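Atoms considered below: every heavy atom in the structure, side chains included; atoms not considered: hydrogens, waters and symmetry mates. Source: prediction; values computed, not measured.
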Amino acid sequence: MATIDQILLLYILLSLHFLANAAPVGVCYGRVANNLLPPSVVVSLLKSNGISRIRLFNPEPEALAPFSGSGIELMIGVPNEILPTLANGTMLTALQWVQSSIFAHVAPSQVRYLAVGNEVYLKDPFYTPYVVPAILNLYQALQTLGLGDTIKISSSHASTILSNSYPPSSGSFDPNLRQVLTPLLRFLRDTGSPLMVNVYPFFSYINSEQYVSLDYALFRSSSRVEIDQNLGYTNMFDATVDAFVYAMEREGFMGIPVVVTETGWPTGGGEAASAENARAYGENVVSRALNNVGTPKRPGVGVEVFLFDLFDENGKSGEEYERHFGIFGVNGIKAYDISFC
């Protein structure tokens with residue numbers, strides 16, 4: 001029979017294993033603003049708050065270079081407008097771009113992901129045919145550098161690529177996108193790369209209040225469970241992620257991981273937009289990642305997330321709430337209390 005000391009040791013070892021394998025939590029560093037802190041100060045702010053992973057939407061040298069040697073891992077966006085050049089060029093074109101735009105400023109060891117295009121199919125459909133060819137050329141370039149296995153490549157998509165998301169088991173992709181999604185999913189499967197998706201229960205709530213309750217959007221509906229295929233759903237985040245999983249399986253692609261490249265809740269500028277709701281939402285997202293809660297369809301498989309956004313972006317267009325997703329104020333003080341680790 002095991003002694004108390006042996007049981008305690010086993011518990012400690014299991015706890016260490018658990019913590020070491022927690023799903024990563026990152027933050028998006030959007031820069032569509034004219035009042036942001038200098039990037040060098042931002043890096044110090046991130047480190048002092050235990051933020052070890054950042055998503056940059058554009059590899060601007062002035063924003064990227066200060067991260068060099070910081071130990072912070074990066075998801076770096078390949079801007080939509082560069083996709084035709086990368087797609088129509090050769091592997092050497094992609095190699096030159098990666099070296100001059102990214103590796104000239106940070107070491108490859110800090111780069112975790114390349115996100116090739118952001119919400120192209122929703123916002124910039126002109127670039128749709130260039131996404132996969134650009135990915136393939138970039139992948140060949142990374143392979144040439146011996147980085148094909150360490151830096152994962154994908155493309156970040158809005159939930160609108162789903163034609164059906166409710167119930168989650170009915171998740172299916174827009175049939176008009178099948179021609180471009182199938183080769184993308186094939187690439188992700190073959191290279192062990194994730195499907196990148198932007199998930200916003202806030203938008204689901206404000207656009208469909210008759211169907212989505214605020215409690216369901218904010219992880220507060222534990223007393224009400226939506227049953228689907230014998231699985232219980234208590235929040236919109238899980239339901240959306242699983243809808244993507246079901247959609248991939250419907251196309252014959254099993255086991256592709258999902259990384260949520262944007263998710264957040266605004267602190268102001270509209271209905272249900274408040275610091276209190278933003279804290280409640282963000283806390284739950286972070287806690288579920290760090291504790292590897294997973295989703296009903298993939299229990300125990302933590303979902304890697306990037307919270308949106310580091311700061312309010314006063315240059316964003318659209319509704320007022322679009323400019324109020326910041327976790328920190330421009331003075332570096334948190335808009336609401338949240339821990340990232």
Distance in Å, Ile153 CD1 paired with Leu138 CG, rounded so as to fall on 0.5 Å steps: 5.0 Å
Just how far is it from atom CZ of Phe67 to atom NE2 of His105, taken to the nearest 0.5 Å? 13.5 Å
Check the hydrophobic clustering (I, L, V, M, F, W, Y; side-chain heavy atoms under 4.5 Å; chains of links allowed) and say if Leu310 and Tyr113 are grouped together. no
Donor-acceptor pair, Arg220 side chain versus Asn235 backbone, under 3.5 Å? no
Rounded to the nearest 0.5 Å, the CD1 atom of Ile327 sits from the CD1 atom of Ile338 at a distance of 5.5 Å
Do the side chain of Arg323 and the main chain of Lys316 share a donor and acceptor less than 3.5 angstrom apart? yes
Can any side-chain N or O of Thr267 pair as donor or acceptor with the backbone N or O of His324 at less than 3.5 Å? yes
Which heavy atom of Pro108 sits nearest a heavy atom of Leu147, and at what distance? CB-CD1, 3.6 Å
State whether Tyr29 and Arg31 meet the cation-pi test: NZ (Lys) or CZ (Arg) under 6.0 Å from the six-membered ring centroid, and within 45° of the perpendicular axis. yes
With clusters defined by side-chain heavy atoms of hydrophobic residues (ILVMFWY) lying less than 4.5 Å apart, directly or transitively, does Val199 cluster with Val259? no
Within the structure provided, determine whether Thr263 and Pro201 are in side-chain contact (heavy-atom separation under 4.5 Å). yes
Are Tyr246 and Ser170 side-chain neighbours, meaning at least one heavy-atom pair lies under 4.5 Å? no
Pair Tyr216, Ser204: side-chain N/O donor-acceptor within cut-off below 3.5 Å: no
Minimum-distance pair of heavy atoms, taken over all atoms of Cys28 and Glu262: SG-CG, 3.9 Å
Between Arg112 and Glu304 (salt bridge meaning N to carboxylate O under 4.0 Å), is one present in this structure? no
Where Gly148 and Tyr139 come nearest, the two heavy atoms and their spacing: O-CE1, 3.6 Å
Audit row: Glu313, Phe308, side-chain contact (heavy atoms from CB on, under 4.5 Å) steps and yes/no: CA-CA 11 Å; Glu313 295 180 86; Phe308 187 90; 3.5 Å; yes
Counting C-beta onward and ignoring hydrogens, is there a side-chain heavy-atom pair between Leu45 and Phe311 closer than 4.5 Å? yes
If a pair satisfies ring-ring contact (aromatic ring centres under 6.0 Å, His included) and one of its residues is in residues 146-171, list it, with sequence neighbours excluded. Tyr121-His157
Check: Val330 and Asp312 side chains under 4.5 Å, non-hydrogen atoms: no
For the residue pair Thr144 and Leu92, establish whether any side-chain heavy-atom pair is separated by less than 4.5 Å. no
Please give me the minimum heavy-atom distance between Leu122 and Ala158, naming the atom from each residue. CD2-CB, 3.7 Å
Report yes or no: does Arg55 contribute a side-chain atom to a donor-acceptor pair with the main-chain N or O of Gly26 at less than 3.5 Å? no
For the CG atom of Asn277 and the CG atom of Leu214, what is their distance to the nearest 0.5 Å? 5.5 Å
Sub-3.5 Å donor-acceptor pair from the side chain of Asp242 to the main-chain atoms of Lys297, do we have one? yes
Take Tyr336 and Glu276 through the test side-chain contact (heavy atoms from CB on, under 4.5 Å) and record every step on the way to the result. CA-CA 7 Å; Tyr336 51 90; Glu276 180 183 358; over 6 Å; no
So Val285 and Phe219, side-chain contact (heavy atoms from CB on, under 4.5 Å) or not? Walk me through it. CA-CA 9 Å; Val285 169; Phe219 297 87; 3.9 Å; yes
Report yes or no: do Val293 and Val260 belong to one cluster of Ile/Leu/Val/Met/Phe/Trp/Tyr joined by side chain heavy-atom distances under 4.5 Å? no
Taking Trp265 for the side chain and Ala272 for the main chain, is one N or O donor matched with an acceptor at less than 3.5 Å? yes
Less than 4.5 Å apart, any side-chain heavy atom of Glu119 and any of Thr160? no
Please assess Leu145 against Phe103 for the test side-chain contact (heavy atoms from CB on, under 4.5 Å), listing each intermediate value before the final yes or no. CA-CA 11 Å; Leu145 297 172; Phe103 299 147; 3.7 Å; yes
Would you say Asn207 has more than 12 foreign heavy atoms packed within less than 6.0 Å of its CG? yes
Just by modelled atom types, is the Ala280 backbone N or O under 3.5 Å from a matching donor or acceptor in the Asn284 side chain? yes
Please check: side-chain N/O of Ser165 versus main-chain N/O of Thr240, any donor-acceptor pairing under 3.5 Å? no
Identify whether Val301 and Val245 are in the same connected component of the hydrophobic contact network (ILVMFWY, side-chain heavy atoms under 4.5 Å). no
Which heavy atom of Leu86 sits nearest to which heavy atom of Ala134, and what is that distance? CB-CB, 3.9 Å
When clusters are formed by joining ILVMFWY residues with side-chain heavy atoms under 4.5 Å apart, either directly or through shared neighbours, do Val197 and Tyr281 land in the same one? yes
Quick one, Val303 and Arg288 - any side-chain contact, counting heavy atoms below 4.5 Å? no
Less than 4.5 Å apart, any side-chain heavy atom of Asn198 and any of Asn118? yes
Would a distance-only check, ignoring hydrogens and angles, find a side-chain to backbone donor-acceptor pair under 3.5 Å from Ser163 to Phe173? yes
The reported gap from CG in Leu114 to OG in Ser156 (rounded to nearest 0.5 angstrom) is 13.0 Å
Distance col, row Asn176:CG vs Leu181:CG, nearest 0.5 angstrom, shows 10.5 Å
According to the interplanar angle, ranging from 0 to 90°, do the rings of Phe325 and Phe202 count as parallel (below 30°), tilted (30 to 60°) or perpendicular (above 60°)? perpendicular
Kindly check if the number of other-residue, nucleotide or ligand heavy atoms within 6.0 Å of CD (Gln96) is above 12? no
When the side chains of residues 188-196 are checked against the rest of the protein, which donor-acceptor pairs come out under 3.5 Å, sequence neighbours left out?
| unit_1 | atom_1 | unit_2 | atom_2 | d |
| --- | --- | --- | --- | --- |
| Thr191 | OG1 | Phe187 | O | 2.7 |
| Thr191 | OG1 | Ser193 | OG | 2.8 |

Does atom CD of Glu251 have more than 12 heavy-atom neighbours, drawn from other residues, nucleotides or ligands, at distances under 6.0 Å? yes
Between Ala23 and Gly302, what is the shortest heavy-atom contact and its length? CB-C, 3.5 Å
Is it the case that the side chain of Arg250 and the backbone of Gly171 share a donor-acceptor pair, with hydrogens and angles ignored and the cut-off at 3.5 Å? yes
